[in-house]
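A short write-up of the structure that comes next.
Positions are given from 1, in the same order as the sequence printed here. Note that ligands are numbered from 1 as they come in the structure, with each ligand's atoms numbered from 1 the same way.
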Amino acid sequence: MQEQVKIWNKDIECEKDHSKIEAIQLDRLRYMLNKAYENVKFYRDRFDGLGIKPDQVKSLDDLKNLPFTTKDDLRDNYPFGLFAEPMSKVVRIHASSGTTGKPVVAGYTQKDLDTWSEAIARIVMGAGIDETDVVQISFGYGLFTGGFGLHYGIEKVGATIVPISSGNTQRQLMLMEDFGATGLVATPSYATYLAEIIKEKDLLKKLKLKYGLFGSEAMSENMRSGLEQSLNMLVTSNYGLTEVMGPGVSGECIYKCGEHINEDMFIVEIIDPKTGDMLPPGEAGEVVITTLAKEAMPVIRYRTRDISYLIPEPCKCGRTSYRLAPIQGRTDDMIKIKGVNLFPSEIESVVLEFPQVSPNYQLILRRENMLDNLEIVVELVDGSLLERYSEVEKLSREISERLNSVLGLRAKLRLAEPKTIERTAGKAKRIVDLRDIQ
Ligand code: DLL
């Protein structure tokens with residue numbers, strides 16, 4: 001069936017004259033900079049230290065003269081040091097899960113929550129959702145921004161929400177069938193797990209799924225097409241991070257050709273991670289985000305560590321906003337093996353070309369003889385293959401050759417029994433780094 005283009009806020013999303021959006025951006029940027037300077041000691045000290053006054057920013061181009069904000073800056077100001085509003089105006093706190101140390105905290109005023117719902121309403125409608133849909137939200141509801149973040153935007157477009165949160169997979173599937181969910185909101189990893197059980201139980205024919213709105217982690221094209229097939233749905237990705245709001249920065253429309261940025265709410269730049277210089281559209285580098293519409297916690301030039309590039313051309317859906325290409329990975333997840341730099345998603349993409357392997361994999365890093373070594377562990381779809389030695393050998397050889405020819409990567413490959421890699425209801429842990437504990 002031909003998918004229909006749906007647009008929540010035509011005035012903003014389809015503005016033909018991009019200079020009008022840029023005028024909004026500049027206006028909001030100048031307001032936000034002054035507010036951050038007046039109310040947040042961290043920004044005031046930093047600007048004063050560099051001899052910069054917010055009023056010196058006269059054009060969007062001047063943004064490049066402003067200092068970056070990093071995750072360490074957020075940690076140093078934990079928990080509420082970057083808030084630009086008194087706590088009496090802050091109505092919600094979220095925080096990133098952060099595996100070590102203190103989490104990154106985000107605060108929201110009532111107006112921020114309204115802005116957030118608007119950002120999400122545009123994204124989910126772009127991905128196909130409207131008031132006729134029943135959407136199961138399988139993101140965690142809690143400090144994580146995913147559950148609550150998607151919730152209010154989906155409610156705003158009038159869809160029926162099933163706020164089941166993450167985990168309890170059997171119950172997820174029962175309600176998915178009983179309530180006739182047409183939309184699923186989850187991480188691609190959790191969707192992969194759900195798809196696995198759906199296949200085992202032969203449930204697909206009982207489900208009405210049409211749209212998968214996935215985010216919070218990278219998803220290769222091969223992972224996407226696998227999910228589209230196994231769940232018989234249109235899969236889009238949407239992007240965001242706790243530091244600047246949560247989900248809502250950008251999202252793919254039904255044409256899946258880059259994520260439309262909510263440009264009146266965020267300025268997204270791409271920089272060279274080494275030099276900090278701004279890069280032109282089309283060139284990949286680190287995503288840097290400035291918030292334009294956050295009251296409680298404005299963030300100036302936040303270095304996300306995510307790698308992507310900008311696509312300026314208008315999309316055939318009618319939206320004119322710049323798009324963000326799929327996030328390739330995070331600079332801190334980049335693996336360097338024998339002089340080759342790689343993101344997990346690149347390895348994923350090659351491995352998933354082979355129908356004999358499932359989308360469950362792990363990358364194990366070890367240090368041997370002073371060198372970093374990578375072992376790629378991939379689960380087989382059919383465990384009985386392991387009993388047929390020559391077939392295993394052949395498949396291993398084919399995958400290894402493909403990894404070498406596409407990525408220049410020579411790594412140990414292990415084909416594992418099905419279900420030996422831990423499943424997750426949230427973000428998958430792809431990299432297991434054993435280098436420091438050997
Ligand atoms: O993951 C916010 C979110 C929730 C986005 C739900 C989309 C859907 P954090 O936990 O702070 O926030 O993690 C942010 O996750 O810097 C990226 O590295 C990664 N990430 C988020 N969305 C995508 C995506 C949420 N669509 C970090 N593709 C970000 C690739 C993503 N990576």
For T145, the ligand 1 atoms whose distance to one of its heavy atoms is below 4.0 Å | 2 (C), 12 (O)
Look at atom 8 (C) of ligand 1 and find which of N238, V249, V244 reaches it with the closest heavy atom.
-> N238
Number the atoms of ligand 1 from 1 as they appear, then name those within less than 4.0 Å of a heavy atom of E259, with their elements.
-> 26 (N)
Is the shortest side-chain N to carboxylate O distance from R122 to E118 below 4.0 Å?
-> yes
Any chance the side chains of Y302 and E243 put a donor and an acceptor closer than 3.5 Å?
-> yes
E217 with R430: basic N within carboxylate O range, under 4.0 Å | no
To atom 16 (O) of ligand 1, the nearest of D306, D333, L241 on a heavy-atom basis is D306
F139 heavy atoms, cut-off 4.0 Å: which ligand 1 atoms fall inside?
-> 6 (C), 8 (C)
Would you mind finding which of T304, D332, I289, T242 brings a heavy atom closest to atom 12 (O) of ligand 1?
-> T242
For ligand 1, which part of F214 has a heavy atom less than 4.0 Å away: the side chain, the backbone, both, or neither?
-> neither
Tell me whether the guanidinium CZ or amine NZ of R402 lies under 6.0 angstrom from the six-membered ring centre of F354 and within 45° of its axis.
-> no
Checking heavy-atom distances from atom 27 (C) of ligand 1 to each of K427, K71, E217, the winner is K427
What residue and heavy atom of the protein are closest to atom 1 (O) of ligand 1, and at what distance?
-> S216 OG, 2.6 Å
Between Y190 and Y193, how do the two ring planes meet: parallel, tilted or perpendicular, split at 30° and 60°?
-> tilted
Here the pair of heavy atoms bringing V244 nearest to T291 is O-CG2, 3.6 Å
What atoms of ligand 1 come within less than 4.0 Å of a heavy atom belonging to G146?
-> 4 (C), 6 (C)
Ranking S308, P188, P247 by closest non-hydrogen atom to atom 4 (C) of ligand 1, top hit is P247
Under 4.0 Å between heavy atoms, the region of R305 that gets near ligand 1 turns out to be neither
R303 (side chain) donor-acceptor with E286 (main chain) under 3.5 angstrom = no
Parallel, tilted or perpendicular, as decided by the 30° and 60° cut-offs, for the rings of H18 and Y322 | parallel
